[in-house]
Amino acid sequence: MAQKLILIGASTGGPGHIKKLLKNVELNGAIVVIAQHMNKMFIGSFAAQIGKESGLDVEILNEKRNLKENTVYVCEQNTVISPNLPISAKPNTEEKTIYTPNVDVLFNSGLSICKSANVLAILLTGIGDDGAAGLDKLYKAGAKCIAENEESAIVYGMPKRAKELNQSLKSLNLTMIKKEMEDFLNATN
């Protein structure tokens, strides 16, 4: 069975949405990596809250490391996924971006791993367009991609831009995104 990797990007309104998405979810061997626009000093408490509310193992991603199954990783800074299995990640300090941790940096780095892992990318609520171009590229690379719709997004900026770039993207409310994510986690392919 192929390794499953879920990439989640979010900005304004994201923390609450991410906690709802991960609450009472069985990861079934999957790895989750989150790029949430947030000041570095708040990442620790955000990761702790996710762990407390979801009951999942949550770690802060702040150094080069192999990623463990059944674990949620919260990026502390711009982070890239390695192109090969086993899945690993490392900080990307060379690329300067307006928003950090940057969603496009994470999503773009996931393109190569689509060849050897099953990837689900989710772009949630947020201002601006971070993650939209990366989600489009992941979609074209064969990843399953979902953008949050206007119904549940606190700020319909990032997912709206993703839908404008790629009309074929699934655009769903948070409840349906969670259902799709659970279907992805429970699928045996």
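Bear in mind the structure is a predicted one, so any value in this text is a computation, not a measurement. The first residue in the sequence is number 1, and the count goes up from there.
Salt-bridge check for Glu69 with Lys4: failed, with every basic side-chain N at 4.0 Å or more from each acidic carboxylate O. A salt bridge links Lys68 with Glu59: the distance from a Lys NZ or Arg NE/NH1/NH2 to an Asp or Glu carboxylate oxygen falls below 4.0 Å. The pair Lys90-Glu63 fails the salt-bridge criterion, with no side-chain N (NZ, NE, NH1 or NH2) lying under 4.0 Å from an Asp/Glu carboxylate O.
Atoms OG and CG, from Ser88 and Asn66 in turn, are 5.5 Å apart once rounded to the nearest 0.5 Å. Taking CD1 of Ile154 as the reference point, atom OG1 of Thr125 lies at 5.5 Å (rounded to 0.5 Å). Note: Ser54 OG to Lys20 NZ = 15.0 Å, rounded to the nearest 0.5 Å. From Leu123, atom CG reaches atom OG of Ser11 across 10.0 Å, with rounding to the nearest 0.5 Å.
Shown are Asp130, Ile98, Ile127, Thr12; of these, the side-chain contact (heavy atoms from CB on, under 4.5 Å) with His37 is made only by Asp130.
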> Do Leu124 and Ile18 pass the side-chain contact (heavy atoms from CB on, under 4.5 Å) test, and can you show the C-alpha distance, the side-chain angles, and the key distance before you say yes or no?
Replying inline: CA-CA 8 Å; Leu124 297 173; Ile18 289 167; 3.8 Å; yes

> Between Ile177 and Lys179, is a side-chain contact (heavy atoms from CB on, under 4.5 Å) present by the stated rule, with each step listed?
Replying inline: CA-CA 5 Å; Ile177 292 172; Lys179 185 184 178 317; over 6 Å; no

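Side-chain atoms of Asn70 and Asp57 include no donor-acceptor pair closer than 3.5 Å. Counted by atom type alone, Asn78 and Thr97 present one or more donor-acceptor pairs between their side chains at under 3.5 Å. Side-chain polar atoms of Asn149 and Asn173 form no donor-acceptor pair below 3.5 angstrom. A donor atom on one side chain and an acceptor atom on the other are not found under 3.5 Å apart for Ser45 and Gln49.
Atom CD of Glu164 is surrounded by more than 12 heavy atoms from other residues, nucleotides or ligands within 6.0 Å.
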